[in-house]
**Student:** 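If you scroll down you'll find the structure; I have some questions about it.
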Amino acid sequence: MNSNNESLKRILKKYNLKAKKRFGQNFLHDKNIINQIVKSSSCDGRFIVEVGPGPGLLTNAILEKETKKVLAIETDKTFLPILEELKEKHPKKFEFILNDVLKVDLDKLISENYSVISNLPYNISVPFIISLLIKEQPVKWEKLTLTVQKEVADRMMAKVNTKQYGRLSVLTQWRCRIKKICEIKPSCFIPPPKVISTVISIEPKKNILTPSVENFQKIVSYAFGFRRKTLKKSLSKLEIDINKLADFCEIDLSLRAQNLSVDDYINLTIGYEKFLK
Ligand code: SAM
């Protein structure tokens with residue numbers, strides 16, 4: 001039996017908790033999946049940030065490992081008694097903050113490198129991930145082990161010239177390696193979500209020379225801002241001569257955003273930065 005279903009129900013009953021839609025609460029009870037998430041995070045010896053510990057089954061599994069520290073960030077104050085109990089049980093290793101993670105600057109808060117493990121609430125998954133992807137190098141995060149909606153994982157891993165390939169794919173694959181760990185069926189959660197989830201692992205590529213985040217984001221956003229239009233049209237807002245830029249980078253402006261590879265976007269931004277000087 002791989003289910004923690006009964007123990008999760010007992011926790012929810014004990015603390016009189018009900019899953020709230022507005023906080024994207026779907027609680028994971030499948031032991032195998034929880035173990036797989038923790039194992040793939042290689043959390044031993046690391047400073048771990050867990051976003052949204054909720055009833056704490058995943059948190060407990062992380063705390064059983066030889067982690068250096070676990071910092072949980074939870075927005076829903078009704079989980080306070082559970083978090084206080086965890087603090088009592090692991091006074092040296094566990095800390096928590098009650099706040100919206102999107103309002104917390106992890107790099108300012110944590111003075112060392114950290115990794116993130118989270119079964120992310122669906123409503124903040126993309127903005128949270130992007131906030132980490134666009135940090136200037138060298139980034140302080142070492143590894144992200146995230147459970148997201150399958151559709152989001154597919155977009156992050158999408159290949160050039162496909163329908164799912166977009167801004168999120170380019171920003172993810174630009175400076176990171178992304179790997180699918182497993183899929184999770186809705187029945188592994190209480191309440192079951194309407195969609196399949198995917199666990200992904202993301203690590204920054206080491207020592208790569210890249211243009212600035214600001215300029216890269218600008219080019220990618222302009223290009224995908226008018227996805228159906230040619231690059232000639234979508235990049236026309238740039239303050240430089242885009243015909244000269246295209247010649248210099250050997251990019252065909254009659255293509256569309258989804259036809260350019262991640263390397264094409266890097267070249268285009270490096271060229272753009274040269275023309276700005
Ligand atoms: N970790 C638990 C699990 O795996 O069963 C709960 C996961 S549930 C999908 C998402 C959790 O994130 C909930 O506990 C929810 O309250 C919390 N959450 C939602 N929005 C948040 C935010 N903006 N900042 C921090 N936590 C948030």
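Order of listing sets the numbers, starting from 1, for every ligand and every atom in it.
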**Student:** Is ligand 1 under 4.0 Å from a heavy atom in the side chain of Leu57, in the backbone, in both, or in neither?
**Tutor:** neither
**Student:** Given that the side chain starts at C-beta and the backbone is N, CA, C, O, which of these parts of Tyr122 lies under 4.0 Å from ligand 1, counting heavy atoms, or is it both or neither?
**Tutor:** neither
**Student:** Can you list the atoms of ligand 1 that are under 4.0 Å from a heavy atom of Glu50?
**Tutor:** 1 (N)
**Student:** What residue and heavy atom of the protein are closest to atom 9 (C) of ligand 1, and at what distance?
**Tutor:** Gly24 O, 3.1 Å
**Student:** Under 3.5 Å between some N or O of ligand 1 and some N or O of Asn119?
**Tutor:** yes
**Student:** How about Lys233: does its NZ atom have over 12 heavy atoms from other parts shown lying under 6.0 Å from it?
**Tutor:** no
**Student:** May I ask you to decide whether Glu151 forms a salt bridge with Arg155, counting only side-chain N to carboxylate O separations under 4.0 Å?
**Tutor:** yes
**Student:** Answer yes or no: are there more than 12 heavy-atom neighbours, outside Glu239 itself, under 6.0 Å from its atom CD?
**Tutor:** yes
**Student:** Looking only at protein heavy atoms, identify the closest one to atom 17 (C) of ligand 1 and say how far it is in Å.
**Tutor:** Glu74 OE2, 3.3 Å
**Student:** What protein heavy atom sits nearest atom 19 (C) of ligand 1, and how far off is it?
**Tutor:** Phe23 O, 3.1 Å
**Student:** Report yes or no: do Phe96 and Ile110 belong to one cluster of Ile/Leu/Val/Met/Phe/Trp/Tyr joined by side chain heavy-atom distances under 4.5 Å?
**Tutor:** no
**Student:** Would you mind running through ligand 1 and noting each atom that sits below 4.0 Å from a heavy atom of Asp76?
**Tutor:** 16 (O)
**Student:** Would you call Glu203-Lys206 a salt bridge at under 4.0 Å N-O?
**Tutor:** no
**Student:** Which atoms of ligand 1 have any heavy atom of Asn99 under 4.0 Å away?
**Tutor:** 24 (N), 25 (C)
**Student:** Is the shortest side-chain N to carboxylate O distance from Lys68 to Glu112 below 4.0 Å?
**Tutor:** yes
**Student:** Got a sec: does the NZ of Lys65 have more than 12 other heavy atoms crowding it under 6.0 Å?
**Tutor:** no
**Student:** What residue and heavy atom of the protein are closest to atom 5 (O) of ligand 1, and at what distance?
**Tutor:** Leu28 N, 2.8 Å
**Student:** Mark up the atoms of ligand 1 that fall under 4.0 Å of a heavy atom belonging to Pro53, in ascending order.
**Tutor:** 1 (N), 2 (C)
**Student:** Any atoms of ligand 1 less than 4.0 Å from a non-hydrogen atom of Phe27? List them with their elements.
**Tutor:** 5 (O), 6 (C)
**Student:** Would Val220 and Tyr272 show up in the same hydrophobic cluster when neighbours are defined by side-chain heavy atoms closer than 4.5 Å?
**Tutor:** yes
**Student:** Flag yes if more than 12 heavy atoms outside Glu136 fall under 6.0 Å of its CD atom; otherwise flag no.
**Tutor:** yes
**Student:** May I ask you to list the atoms of ligand 1 that are less than 4.0 angstrom from any heavy atom of Gly54?
**Tutor:** 14 (O)
**Student:** Establish, from distance only, whether the side-chain atoms of Ser212 and Glu273 form a donor-acceptor pair under 3.5 Å.
**Tutor:** yes
**Student:** In the protein, which heavy atom is nearest to atom 23 (N) of ligand 1, and how far is it?
**Tutor:** Asp100 OD1, 2.9 Å
**Student:** Can you tell me if Lys87 has over 12 outside heavy atoms packed within less than 6.0 Å of its NZ?
**Tutor:** yes
**Student:** Quick one: look up the protein heavy atom nearest atom 27 (C) of ligand 1 and list residue, atom name and how far away it is.
**Tutor:** Thr75 CG2, 3.5 Å
**Student:** Does a donor on one side chain and an acceptor on the other come within less than 3.5 Å for Asp76 and Thr78?
**Tutor:** yes
**Student:** Enumerate the atoms of ligand 1 whose separation from the nearest heavy atom of Ile73 is less than 4.0 angstrom.
**Tutor:** 25 (C), 26 (N)
**Student:** Is the closest heavy-atom distance from Phe79 to ligand 1 below 4.0 Å?
**Tutor:** yes
**Student:** Tell me: protein heavy atom nearest atom 12 (O) of ligand 1, and distance?
**Tutor:** Gly52 CA, 3.2 Å
**Student:** Counting both backbone and side chain atoms, is some N or O of Val101 under 3.5 Å from an N or O of ligand 1?
**Tutor:** yes
